Amino acid sequence: MTDIEKPSNFIQQIISADLDANRVETVVTRFPPEPNGYLHIGHAKSICLNFGLAEQFNGACNLRFDDTNPEKEDDEYVQAIIEDVKWLGFDWADEPKFASDYFGQLYSWAQYLIGEGKAYICELNAEDMREYRGTLTEVGKNSPYRERPAEESLALLEQMKQGAVDEGTMTLRAKIDMASPNINMRDPVMYRIKKMAHHRTGDTWNIYPSYDFAHGQEDAIEGVTHSVCTLEFAANRPLYEWFTSNLPLPSVPRQYEFGRLNINYTVTSKRKLKQLVDEKHVDGWDDPRMPTISGLRRRGVTAAAVREFCDSLAVAKTDGVVDLAQFEHFIRTDLNDNASRAMCVLNPLKITLSNYEAGKEEILTAAGHPNRDDLPSRQLPFGREIYIDQSDFSEDTTLSRKKFKRLVIGEYVRLRGAYVIRADEVIRDDAGEIVEIIGSYVPDTVGENPPEGIRPRGVIHWVSASNCIDCDLYLYENLFTEAAPDAGEGSFLDHLNPQSLQIIKNCKAELGLGEAVAGQQYQFEREGYYCLDGKHSSADKLVFNRTIALR
RNA sequence: UGGGGCGUCGCCAAGUGGUUAAGGCACCGGGUUUUGAUCCCGGCAUCGGAGGUUCGAAUCCUCCCGCCCCAGCCA
């Protein structure tokens, strides 16, 4: 234990205290997503927290699917979630767990509560139940079915289970307190009828447990000691405790809440993300603009960057909005440290070096990374014709050296990893557009300073015109134009950024990029971080996604 | 409005009666640099408000203000 001086969050403090006081022997946490959508960056914080806690205290963390509502759940989501958690670098104890594995146990616990006179079958319909519940300021009224004999409730529950009762006509409710100031305690629903196939249990069940009746018990079954969830569940804690203390459970878990992660210029709500996908505003759950784990992965963000970012986040009870820039900082840091360097010209402008022998080609060697010898060096063909970016040449010769560190007629510039060159003449087409630059190179300047008197304005990237590959680049911007897409009147969709995707075709990339594989990150020098897109790339056309621009 | 929770720099935050009120992001200066990147130096708050307790308070008390969550047979 060398991390004693590390500041700890309130949950770590609670766990330490529990361990010291022998209230718990081994720490067990869990990450409990409902398989009704893909995981997003907000889940990543919870994943890092829960798995991190288990790791830190030498305990275990379960991956558990809270699949208590077949209506919105699907195995597609289960598989995607498993893949995402693995990708983030975490592993869980044993096999993934499912709430649906405990349906039988939950059912008998429901029978137990009925037997104890603490639950009853209610025949109020949804509308009436709402009315009986009261409001924030008015207490509720007892259901007319509240004092029904246990035997009757037991029989009705069995009928509900068998499918003999219509949906919406009966529920099993906990008998707690209709006058409680906490609305969650006003006889909450434990079971409702849903005659619907479940992605795992098929049509075995016609009734399904509610979140409140399931969660604490799932935790207890698994021996979870610290059940960490987000703030909005704080009001459910008394109910969580009511069930854990009124049922003969194998253990008594405790619930703690922390603030959910919010990031500006994005939305982190499964419902909204699903809407973006369903209404085709994006290319799917893994669209590189999505804050989903799969979207970030396709975008080129590394798992390490996501983890570092999450670890930088406070685990507290405040509900703030983290600046996107903070996330981007960790993305850039990791990519800067690990991405191989390469050159790619987005908007090619040909330069012919008049004093370079026609037909000659030499192979220059460039470092794979400025300060990492372990990354392989690159072979760069160099010849009489090269491409530079249009934005790296200006006809305005009055621009100061400080303001424009690029190519200008009559002046010099260093081609990164290659020669110092000079621009001599501009060639135009009939429309007056610049189509080519005639220039010259300064011999013996590869890896060497140019002779006295020649002062390059700067360093620009380039690519051999006769020996390069074509590719398309997908540049991404924020999906939303507003920092808080959710705020204000209308829909968050009103703030979709029409320029969130810009495709640049026919870019010229250095030869080595032809061997790029999906998921491999590169820094296109002076441009940004990119990675090959497995979905859009084909044998004859490579597509790179821009993960993020350089600062 | 009843209940629950929260308010420390532009953003995220540490702080648990005595510290020059950490740190990160952002921003602004300056240096290095064959990426206008990286890197390196430097700058950047008196703690929602008002009272009070105390030798001493961001930390304790009182009142006030503001924000978030709960009235699904969602999770």
Side-chain angles (χ1 to χ4, degrees), chain A residues 7-9 13 32-34 36 66-69 71-72 122 124-126 129-131 133-140 167-173 179-186 188-194 207-208 210-212 214-215 229-238 257 259-264 270-271 309 312-330 332-333 336-337 341 343 366-367 370-371 402-406 413-418 420 445-449 456 458-461 483 523-529 549-551:
Chain A
S8 63
N9 61 55
Q13 290 173 11
E34 181 187 17
N36 65 346
D66 214 355
D67 54 352
T68 57
N69 182 0
E71 224 164 290
K72 305 184 289 180
C122 180
L124 250 25
N125 62 31
M129 195 183 292
R130 188 185 327 120
E131 209 163 289
R133 186 154 38 225
T135 67
L136 294 179
T137 52
E138 302 160 47
V139 299
E167 279 187 31
T169 61
M170 285 185 196
T171 57
L172 176 67
R173 295 228 255 163
S180 172
N182 180 344
I183 295 181
N184 293 297
M185 300 298 271
R186 321 242 260 229
V189 169
M190 294 165 57
Y191 266 101
R192 62 314 201 182
I193 301 169
K194 279 182 193 289
I207 59 174
Y208 293 91
S210 64
Y211 164 84
D212 288 304
H215 210 89
C229 62
T230 43
L231 245 30
E232 66 268 27
F233 290 100
N236 297 59
R237 192 186 338 120
E257 311 89 22
R260 144 198 304 281
L261 168 65
N262 297 301
I263 302 181
N264 57 18
K270 262 193 226 171
R271 201 208 105 226
F309 169 61
S312 81
L313 266 16
V315 175
K317 300 184 89 124
T318 45
D319 43 8
V321 180
V322 174
D323 200 322
L324 218 210
Q326 185 163 334
F327 185 25
E328 295 181 331
H329 167 258
F330 287 97
R332 286 200 182 90
T333 298
N336 179 52
D337 289 347
R341 307 289 122 126
M343 290 193 283
N371 35 41
K402 175 131 182 150
K403 192 143 189 249
F404 193 72
K405 304 163 96 161
R406 312 173 187 193
V413 87
R414 153 81 65 187
L415 292 180
R416 169 125 253 236
V420 169
T445 49
V446 176
E448 301 291 337
N449 285 131
V459 180
I460 64 174
H461 56 105
Q523 183 199 89
F524 288 178
E525 294 188 296
R526 300 212 310 134
E527 292 290 353
Y529 297 98
L550 252 27
R551 290 210 61 192

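Below, chain A is the first sequence line, B the second, and so on; all start at residue 1. Worth saying up front: this structure is predicted, and the values here are computed from it rather than measured.
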Quick check for you: to the nearest 0.5 Å, what is the distance between A:L415 atom CG and A:T445 atom OG1?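 Atom-to-atom, A:L415:CG and A:T445:OG1 are 8.5 Å apart.
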Expressed as a whole number of angstroms, how long is the span from [X]:[atom1] to [N]:[atom2]?
X: A:L261; N: B:C68; atom1: CG; atom2: C1'; value: 16 Å
X: A:D212; N: B:C69; atom1: CG; atom2: P; value: 18 Å
X: A:R237; N: B:G5; atom1: CZ; atom2: P; value: 7 Å
X: A:F309; N: B:G24; atom1: CZ; atom2: C1'; value: 12 Å
X: A:K317; N: B:A13; atom1: NZ; atom2: P; value: 14 Å
X: A:N184; N: B:G2; atom1: CG; atom2: P; value: 18 Å
X: A:K194; N: B:A75; atom1: NZ; atom2: C1'; value: 11 Å
X: A:N36; N: B:G72; atom1: CG; atom2: P; value: 19 Å

Take A:E167 and A:Q13, find for each the nucleotide of RNA chain B with the closest heavy atom, and name the residue whose nucleotide sits nearer the 5' end. A:Q13
Could you pick out which residue, A:P33 or A:I183, lies toward the 5' side of RNA chain B when each is mapped onto its nearest nucleotide? A:I183
Is there a Watson-Crick or G-U wobble partner for [N] with both distances under 3.5 Å, and which nucleotide is it?
N: B:C6; value: B:G66
N: B:U16; value: none
N: B:U34; value: none

Would you mind classifying the nucleic acid contact of A:V321 as base, sugar-phosphate or nothing, using non-hydrogen atoms under 4.0 angstrom?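 Sugar-phosphate contact only.
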Contact class for A:L124 vs. all strands (heavy atom < 4.0 Å): base, sugar-phosphate, or nothing?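 Since a base atom lies under 4.0 Å of A:L124, the category is base.
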Taking syn as within 90° of 0 and anti otherwise, name the glycosidic form of B:G15.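 Judged by the O4'-C1' to base torsion, B:G15 sits in anti, the angle falling more than 90° away from 0.
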Using only modelled atom types and a 3.5 angstrom limit, is any donor from either the side chain of A:E138 or the base of B:U1 paired with an acceptor on the other?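 Result: no qualifying N/O pair found.
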Please determine if a side-chain N or O atom of A:R192 lies less than 4.0 Å away from the OP1 or OP2 oxygen of B:A75.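 Checking B:A75 against A:R192, a side-chain N or O does come within under 4.0 Å of OP1 or OP2.
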OP1 or OP2 of B:C68 versus the side-chain N and O atoms of A:T318: is any pair under 4.0 Å?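 Checking A:T318 against B:C68: no side-chain N or O falls below 4.0 Å of OP1 or OP2.
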From the list [options], which nucleotide is the closest neighbour of the side chain of [X]?
X: A:H329; options: B:C25, B:A75, B:C73; value: B:C25
X: A:D319; options: B:A13, B:C68, B:C73; value: B:C68
X: A:D323; options: B:G24, B:C11, B:G2; value: B:C11
X: A:L136; options: B:G10, B:C12, B:G2; value: B:G2
X: A:T68; options: B:A14, B:A75, B:G24; value: B:A75
X: A:R133; options: B:C68, B:G72, B:C74; value: B:G72
X: A:T137; options: B:A26, B:C73, B:G2; value: B:G2

Counterpart residues, ring pair (Phe, Tyr, Trp, His ring centres under 6.0 Å), relative to A:F330 (two or more places apart):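 By the ring pair (Phe, Tyr, Trp, His ring centres under 6.0 Å) rule, A:F330 matches no residue at all.
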Mind checking whether A:F233 and A:Y211 have ring centres under 6.0 Å apart?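 Yes, the ring centres sit under 6.0 Å apart.
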Can you tell me if [X] uses its side chain to pair, donor with acceptor, with the backbone of [Y] under 3.5 Å?
X: A:R332; Y: A:N336; value: no
X: A:T135; Y: A:E138; value: yes
X: A:N264; Y: A:L324; value: yes

side-chain contact (heavy atoms from CB on, under 4.5 Å) for A:Q326 and A:S312? Distances and angles first, verdict last. CA-CA 9 Å; A:Q326 185 163 334; A:S312 81; 3.3 Å; yes
Can you check each nucleotide of nucleotides 29-49 of chain B against protein heavy atoms at under 4.0 Å and return B for base, S for sugar-phosphate only, - for none, in 5' to 3' order? -----BBBSS-----------
Any Lys/Arg nitrogen of A:R237 or A:E257 sitting under 4.0 Å from an Asp/Glu carboxylate oxygen of the other?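 Answer for the salt bridge query: yes.
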Near A:R260 CZ, under 6.0 Å, is it more than 12 heavy atoms from other residues, nucleotides or ligands? no
